[in-house]
Amino acid sequence: MTIVDDALIPVPPADVSHISRKWLDLPYTDLSPAQKLDIYLPKEGKGPFPVILYIHGGAFALGDKRNIEVLPYLKA
């Protein structure tokens with residue numbers, strides 16, 4: 001969910017099914033089960049690849065790392 005004008009607005013998750021090289025929900029610490037990250041790679045190539053770090057915010061209370069807002073970053 002996202003806050004818009006003090007109201008909670010449901011935000012749909014991004015459809016990442018078209019991305020074949022991905023690792024989803026990898027824990028990056030053991031402090032909280034909510035602390036997970038996703039890794040997406042281009043369809044081809046061995047790398048190294050540039051990194052885009054997308055931090056959605058939300059203080060572990062609102063939103064999700066895979067909300068639809070991430071889609072523009074995955075089109076590159």
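- Contacts of S20 classified as side-chain hydrogen bond (donor to acceptor under 3.5 Å, both in side chains), with partners at least two apart in sequence or in another chain: none.
- For the pair L24/Y40, a side-chain contact is recorded, criterion being any heavy-atom separation below 4.5 Å from C-beta on.
- Within the model, atoms CH2 of W23 and CG of L37 stand 12.0 Å from one another, a figure rounded to the nearest 0.5 Å.
- A donor-acceptor contact shorter than 3.5 Å is absent between the side chain of D25 and the backbone of K36.
- Side-chain atoms of R21 come within 3.5 Å of backbone atoms of P42 as a donor-acceptor pair (strictly under, hydrogens ignored).
- Atom CG in L31 sits 9.0 Å away from atom OH in Y28 (nearest 0.5 Å).
- No donor-acceptor pair closer than 3.5 Å links the side chain of K22 to the backbone N or O of D38.
- Pairs passing the salt bridge (charged side-chain N to carboxylate O under 4.0 Å, His left out) check and including a residue from residues 41-50, sequence neighbours excluded, do not occur.
- Scanning all heavy atoms of the two residues, the minimum distance from D15 to L71 falls at O-CD2, 4.0 Å.
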